[in-house]
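Positions are given from 1 along the sequence. Counting convention: from 1, in listed order, for ligands and their atoms alike.
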Amino acid sequence: MRREGNEEIDPEFVARLASYLGFDKERVQHLFEKNYLARNWGKYEYLLRFDKEISHIERGTVLYEKAASFETIMGFPKIRRAMVLDPTIKRHFSGLEKVAVEEKMNGYNVRIAIANNEILAITRSGYICPYTTQKAKEKLNLKFFDDFPGLVLYGEMIGPDNPYVSKEIYDIESVEFYIFDIREKNSGKPLPINRKQEILEKYGFFQVRFFNEFPLETAAEEVIKIIRKLGEEEHEGVVIKDPDMVLSPLKYTSSQSNCSDLRHAFKFYNETGRDYMLSRIVREGFQTVEWDEDEIEFGKRCMQLGESILNPLRRSIESVKNGQRLYEEARIKVRDLKTAAEFEDYLKRLGVDAVFEEPQPIEEEYLIIIRKINKSTNDKTQAILQGETW
Ligand code: ATP
Ligand code: MG
């Protein structure tokens, strides 16, 4: 990913920032030099982003000057994964009577907040995505931000017109925001689940599906039932939460979702990290043991896992052999072509190799297909087919 170049940093600004963060000036200077702390660009230049986790500050945290001080929008913390449900749930949430189970929806993580009177959709890494920001303005009840300027919506952008993670499984026509957390600015402290639900309902936001609260003792077996059903619909999985949101959550996913990740991973096998592939295969091992599967069920799992690895590999290799280039297709829908142009510029800035096709007018909007070229898998496959060794 291309980084913005170093600029001259005003020493007085560094001093104020250092005192706000509780770091010494040299450390802040160093963070800027390393680009661990960097500015967004263009009209969002006033927003600093942490490109790396520093002390207690999440990666993707954004901060900006406000009044005589600063204001922070904390990054979304990584959720730990349960590899087996029992005893992990009991152990992780030990001391609680009940845990809440929500659907883990599969889209794109985004924070929506107001800063300097401007609505922003912030990506996991702390960039301001112009496309997502425009969608947020169109889709969300912005009165919420007038009433609660100090709160941040944490949600998932879902649906087919999503340039990042496009899924057809949710019966969403274009894109929608499904909110899963509301957190305070600065502290990053999440609201308890019932309070969150109350507010989301009041403002008419979509929220992630809430299954129920379950006693700690029986939560694992309940989650297994939920996961089986979600899996049948190709849905991703669940996030298990402390109803008061004091203890950190846990996540767990369906086999179908692991396999779907693997299909994508092996289609572009030379782009995908090996940890990403390996972890999804290992999850299948723990799930078959925890679910105590018989030979028939196990056989089915083996077939599904094997197919999600080999089918995309076969297709990719055959395509290259037939002289085709491998690419990933995404799409966006915009009311104003300016949004598409801004988004194109944004992807270029991030160093993404993407080709935007001619806009197709559809009703009041334009549909634009985006092709992302997967150069590394293309080149590798071609080289191997020409006799190169691995
Ligand atoms: P993955 O989505 O594959 O788990 P990740 O690296 O984004 O990858 P985490 O860092 O653990 O995983 O974050 C959990 C992800 O789950 C976030 O991207 C978040 O947007 C998403 N998510 C979906 N539904 C929920 C929910 N109900 N509660 C919390 N997070 C959720
Ligand atoms: Mg996800």
(request) Return the orientation label for the Tyr46 and Tyr64 ring planes: parallel under 30°, perpendicular over 60°, tilted otherwise. (result) perpendicular
(request) Compute both the distance and the angle, then confirm whether Arg371 meets the cation-pi test with Tyr327: under 6.0 Å from the six-membered ring centre, within 45 degrees of the axis. (result) yes
(message) I'd like to know if the side chain of Tyr252 pairs up with that of Glu236 as donor and acceptor (distance under 3.5 Å, no hydrogens or angles considered).
(response) no
(request) Write out the residue and atom name of the closest protein heavy atom to atom 28 (N) of ligand 1, then the distance separating them to 0.1 Å. (result) Lys241 NZ, 2.9 Å
(request) Would you mind checking which non-hydrogen protein atom is closest to atom 2 (O) of ligand 1, with the distance to 0.1 Å? (result) Lys104 NZ, 2.8 Å
(message) Checking contacts here: is it the side chain or the backbone of Glu156 that comes within 4.0 Å of ligand 1, counting heavy atoms only? Could be both or neither.
(response) side chain
(request) Mind checking whether Val239 contacts ligand 1 via backbone (N, CA, C, O), side chain (CB onward), both or neither, at a 4.0 Å heavy-atom cut-off? (result) side chain
(message) Return the closest protein heavy atom for atom 9 (P) of ligand 1 as residue, atom name and distance.
(response) Lys251 NZ, 3.3 Å
(message) Parallel, tilted or perpendicular: which one describes the rings of Tyr164 and Tyr108, with boundaries at 30° and 60°?
(response) parallel
(request) Please confirm whether Arg124 comes under 4.0 Å of ligand 1, counting heavy atoms of the residue only. (result) yes
(message) Can you confirm, on distance only, whether ligand 1 has an N/O atom lying under 3.5 Å from any N/O atom belonging to Ile79?
(response) yes
(request) Would you confirm whether the ring centroid of Phe70 sits within less than 6.0 angstrom of the ring centroid of Phe13? (result) yes
(request) Compute the shortest N/O to N/O distance between Met105 and ligand 1 and return yes if it is under 3.5 Å, no if not. (result) yes
(request) Please identify which atoms of ligand 1 are closer than 4.0 Å to at least one heavy atom of Asn109. (result) 17 (C), 18 (O), 19 (C), 20 (O)
(request) Check whether any heavy atom of Tyr108 sits under 4.0 Å from an atom of ligand 1. (result) no
(message) Does only the side chain of Tyr178 get under 4.0 Å from ligand 1, or the backbone, or both, or neither? Count heavy atoms.
(response) neither
(request) For atom 29 (C) of ligand 1, grab the closest protein heavy atom and report residue, atom and distance to one decimal in Å. (result) Phe180 CD1, 3.4 Å
(request) May I ask you to decide if Met74's main-chain N or O and Thr72's side chain share a donor-acceptor pair within less than 3.5 Å? (result) no
(request) Report yes or no: is the cationic atom of Arg315 (NZ for Lys, CZ for Arg) under 6.0 Å from the centre of the six-membered ring of Phe268, at an angle within 45° of the ring normal? (result) no
(message) Please compare Lys78, Arg59, Arg280, Glu103 and report which has the shortest non-hydrogen distance to atom 6 (O) of ligand 1.
(response) Lys78
(request) Classify the ring geometry between Phe144 and Tyr203 as parallel (under 30°), tilted (30 to 60°) or perpendicular (over 60°). (result) perpendicular
(request) Pick one of side chain, backbone, both or neither for how Glu102 approaches ligand 1, counting any non-hydrogen atom pair under 4.0 Å. (result) side chain
(message) Can you classify the ring geometry of Tyr346 versus Tyr127 as parallel (below 30°), tilted (30 to 60°) or perpendicular (above 60°)?
(response) perpendicular
